[in-house]
Number of protein chains: 2
Amino acid sequence: MEKSRKAAGPVSLATIAAATGVSISTVSRIVNGQTHRASPETVTRIQQAVESLGYKPNQIGRALKQGRSRVVAMLTANLNNPVMAMIATATEAALRDIGHVMTLCDTHDREDLQDEYLQAMRSQSVGGYILVTNIKSPGLADFVARGEPVVFACRPNPYAADPDAPGAFVGIDNEAAGAAAADRLWARGCRSPAVIMPLEGSVVTLEREAGFCRRMTELGIPPDRLARVKAPGLSHLDVGYAAAGTLFAGRPGPDGILGVSDQIAYGVYRFAMEQGIRIPDDCPVISIDGSDLNGWIAPWLDSIHVPYAEFGHHIVGQLQAIWRGETPEAAILPFHD
Amino acid sequence: MEKSRKAAGPVSLATIAAATGVSISTVSRIVNGQTHRASPETVTRIQQAVESLGYKPNQIGRALKQGRSRVVAMLTANLNNPVMAMIATATEAALRDIGHVMTLCDTHDREDLQDEYLQAMRSQSVGGYILVTNIKSPGLADFVARGEPVVFACRPNPYAADPDAPGAFVGIDNEAAGAAAADRLWARGCRSPAVIMPLEGSVVTLEREAGFCRRMTELGIPPDRLARVKAPGLSHLDVGYAAAGTLFAGRPGPDGILGVSDQIAYGVYRFAMEQGIRIPDDCPVISIDGSDLNGWIAPWLDSIHVPYAEFGHHIVGQLQAIWRGETPEAAILPFHD
DNA sequence: CTGAAAGCGCTTACAG
DNA sequence: CTGAAAGCGCTTACAG
């Protein structure tokens with residue numbers, strides 16, 4: 001005599017309690033794995049009822065009681081950027097593995113939207129925050145000060161008490177990546193290098209450029225043969241395109257270019273195509289990010305690979321550490337060149 | 001005498017009630033815009049308190065009472081696909097505009113994950129579901145049968161009662177897009193066309209292929225000069241690559257190829273590059289999707305543009321209609337060729 | 001080993 | 001025009 005009538009109305013703890021003749025408290029404990037606090041018979045009886053009635057805990061009830069849900073908010077500067085999309089994908093999967101879900105908030109690099117989202121997420125009692133942004137905002141300052149569970153990715157906490165100990169963070173050593181890019185270009189015979197970065201760049205782009213210039217200088221490139229070009233634009237595609245225009249307007253163009261992101265390199269490529277400049281023959285272009293797509297449609301691009309797909313685990317690991325009350329150290333992942 | 005002491009502990013309705021000397025009920029009504037049900041003085045007094053104390057409604061409390069939250073779940077087949085990422089971005093923005101937030105669930109085209117997520121989202125009492133997937137699963141069948149608020153995007157409801165009236169849906173006429181692709185290839189002189197699609201394709205890819213073949217036949221291409229190639233793989237990149245291998249292994253290669261998605265075209269490109277086949281000179285390649293990226297790094301690709309960026313509004317509009325108790329009609333958006 | 005009770009923050013008939 | 005009260009589903013000290 002199978003009792004497998006499915007969901008006639010929502011099944012709550014009370015439903016199970018009524019069906020098994022025990023109290024709600026007991027059901028709650030067992031459902032939450034506290035099986036040692038009840039007799040074995042009760043445990044199996046309840047587990048059977050849970051199974052046959054298809055009980056699933058209502059997360060809202062739980063969240064209200066505990067003041068925190070199993071939702072984690074990810075705030076990203078700009079989802080159109082494939083890098084952000086990759087991090088989001090990886091993080092979503094890692095969260096799922098620990099039974100959490102992710103809400104995605106695109107701040108479009110706007111301070112007001114960032115604060116609006118932080119506020120909104122707090123009203124949702126989310127259990128944690130992942131910030132792939134380093135825009136400063138009053139709300140963020142507040143969050144950091146209050147010690148909310150937040151992990152920064154790519155870009156460190158702009159309000160870190162000690163800049164050398166950024167706290168929960170997942171990223172790479174951008175300065176070293178920039179230097180590696182310099183070595184690579186040098187090895188290809190480049191002696192009049194150029195580096196392109198956004199006018200309103202984040203620390204990430206600044207560090208990559210700094211590493212590149214530092215290394216090029218060490219290699220003996222004089223400052224006047226090292227072009228550093230910035231261009232405005234939210235989209236790095238536009239940045240690369242505009243900067244390439246500036247670069248090639250000068251008499252002797254560069255013999256090698258670093259775009260500090262893949263997207264910048266794409267922008268350079270478009271300009272070069274339009275002008276009949278052949279890449280890499282006339283001028284090699286390299287970048288930092290190493291999107292998988294490059295191998296498919298941008299074979300001309302030599303890009304230092306950042307393991308974004310790995311970010312997910314590390315981010316979630318740090319979040320869990322915070323939940324346990326620990327203070328995680330920054331995870332600086334190796335890039336591959 | 002400004003009273004702007006900020007948040008010493010969470011500010012709830014009770015806090016406001018205590019501070020203003022009215023009941024929680026009254027505060028709740030006013031906060032929810034029922035200002036006509038209270039005296040003007042009370043209204044302003046409470047609004048001031050809300051402002052100065054920085055009260056933000058706790059959405060968890062609200063959701064528990066109402067049985068539904070202001071969160072909308074988007075289930076997507078595969079976030080690595082830029083098309084999905086675009087739809088997610090657009091939808092997130094549209095939801096924000098109406099004060100909702102979005103959780104993102106990547107089902108990886110797996111039936112079990114889809115059901116797991118549907119279940120999880122229900123435990124979260126989400127207010128709506130957006131499905132960019134048409135994998136069949138028992139859980140989905142259940143959802144549709146129960147009349148849950150779900151909007152399908154790109155791929156129609158696989159459990160629609162009447163296939164010609166798919167209900168809440170946002171997409172394009174894929175058959176027509178396939179036909180348009182045929183016209184375009186024909187105009188470029190293609191007389192030995194090929195079409196590439198995934199082995200385990202969705203209705204979307206099937207319809208695009210069907211439209212293409214129908215139109216090519218109308219144009220007088222005999223069946224034996226119309227190559228239809230399928231290749232396995234979750235990633236369309238792999239599909240395109242493998243299928244191109246098959247196509248060019250045959251003696252006379254095609255003189256024009258339709259990849260039913262941008263990614264398939266990218267895969268073809270890689271194979272062609274490796275084999276020294278020049279695109280488009282030796283063989284034009286076109287596709288359907290029209291990612292913005294094409295203009296930057298895939299100038300060789302002629303792609304029919306699907307207005308994914310517009311999907312967001314339409315999806316949210318349909319969701320709102322459902323919430324109002326209406327039965328929205330499918331929105332078939334125009335593609336641009 | 002088990003249960004009654006309080007309470008998380010909100011909304012909403014209902015009564016006045 | 002306003003308030004007391006019930007209740008959404010859960011957890012968790014506390015008492016037995």
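None of the values given here were measured: they were computed from a predicted structure. Letters go in sequence order (proteins before strands), and every chain restarts at 1.
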When you measure from the side-chain N and O atoms of A/Q66 to the phosphate of D/dT12, is any distance below 4.0 Å, counting only OP1 and OP2?
yes
Where B/L319 and B/P149 come nearest, the two heavy atoms and their spacing:
CD1-O, 3.9 Å
For C/dA13, give the paired nucleotide (Watson-Crick: N1-N3 plus N6-O4 or O6-N4; G-U: N1-O2 and O6-N3; both under 3.5 Å), or none.
none
Please state whether the rings of A/W323 and A/H100 are parallel, tilted or perpendicular, taking 30° and 60° as the class boundaries.
parallel
What is the separation between atom CD1 on A/I46 and atom P on C/dT2, rounded to the nearest whole Å?
8 Å
By nearest-nucleotide position on DNA chain D, the 5'-leaning member of A/V31 and B/R45 is B/R45
So does A/T26 get a side-chain nitrogen or oxygen closer than 4.0 Å to the phosphate oxygens (OP1/OP2) of C/dG3?
yes
OP1 or OP2 of C/dA4 versus the side-chain N and O atoms of A/S23: is any pair under 4.0 Å?
no
Per A/K65 side chain, nearest of listed nucleotides D/dT12, C/dT2, C/dC14:
D/dT12
From the set C/dC1, C/dT11, C/dG9, return the single nucleotide nearest to any side-chain atom of A/P40.
C/dC1
Short side-chain N/O contact from B/N58 to OP1 or OP2 of C/dC8, under 4.0 Å
no
Remember a base hit wins even if backbone is also touched, and classify A/S39 as base, sugar-phosphate or nothing at under 4.0 Å, heavy atoms.
sugar-phosphate
If you measure only the distance, is there a donor-acceptor pair under 3.5 Å linking the side chains of A/Q114 and A/T133?
yes
Give A/S12 one of three labels, base, sugar-phosphate or nothing, depending on what nucleic acid heavy atoms sit under 4.0 Å from its own.
sugar-phosphate
I need the CD-P distance between A/Q124 and C/dG9, as an integer number of Å.
15 Å
Could you check if a side-chain atom of A/Y117 sits within less than 4.5 angstrom of a side-chain atom of B/R96, using non-hydrogen atoms only?
yes
Just do the side-chain hydrogen bond (donor to acceptor under 3.5 Å, both in side chains) check on A/S202 and A/N134 with the steps written out, would you?
CA-CA 7 Å; A/S202 64; A/N134 72 338; 5.2 Å; no
Using Watson-Crick geometry (N1-N3 plus N6-O4 or O6-N4) or G-U wobble (N1-O2, O6-N3), each under 3.5 Å, C/dA4 is paired with none
Assign A/I60 to base, sugar-phosphate, or nothing according to its heavy-atom contacts below 4.0 angstrom with the strands shown.
nothing
Using a heavy-atom cut-off of 4.0 Å across all strands, would you classify A/R37 as base, sugar-phosphate, or nothing?
base
Rounded to the nearest Å, what distance is computed from the CD atom of residue B/Q34 to the P atom of nucleotide C/dT11?
10 Å
The side chain of B/R29 lies closest to which of these nucleotides: C/dC10, D/dG3, D/dT12?
D/dG3
Look at B/S25 and D/dA5 and indicate whether a side-chain polar atom (N or O) is within less than 4.0 Å of OP1 or OP2.
no
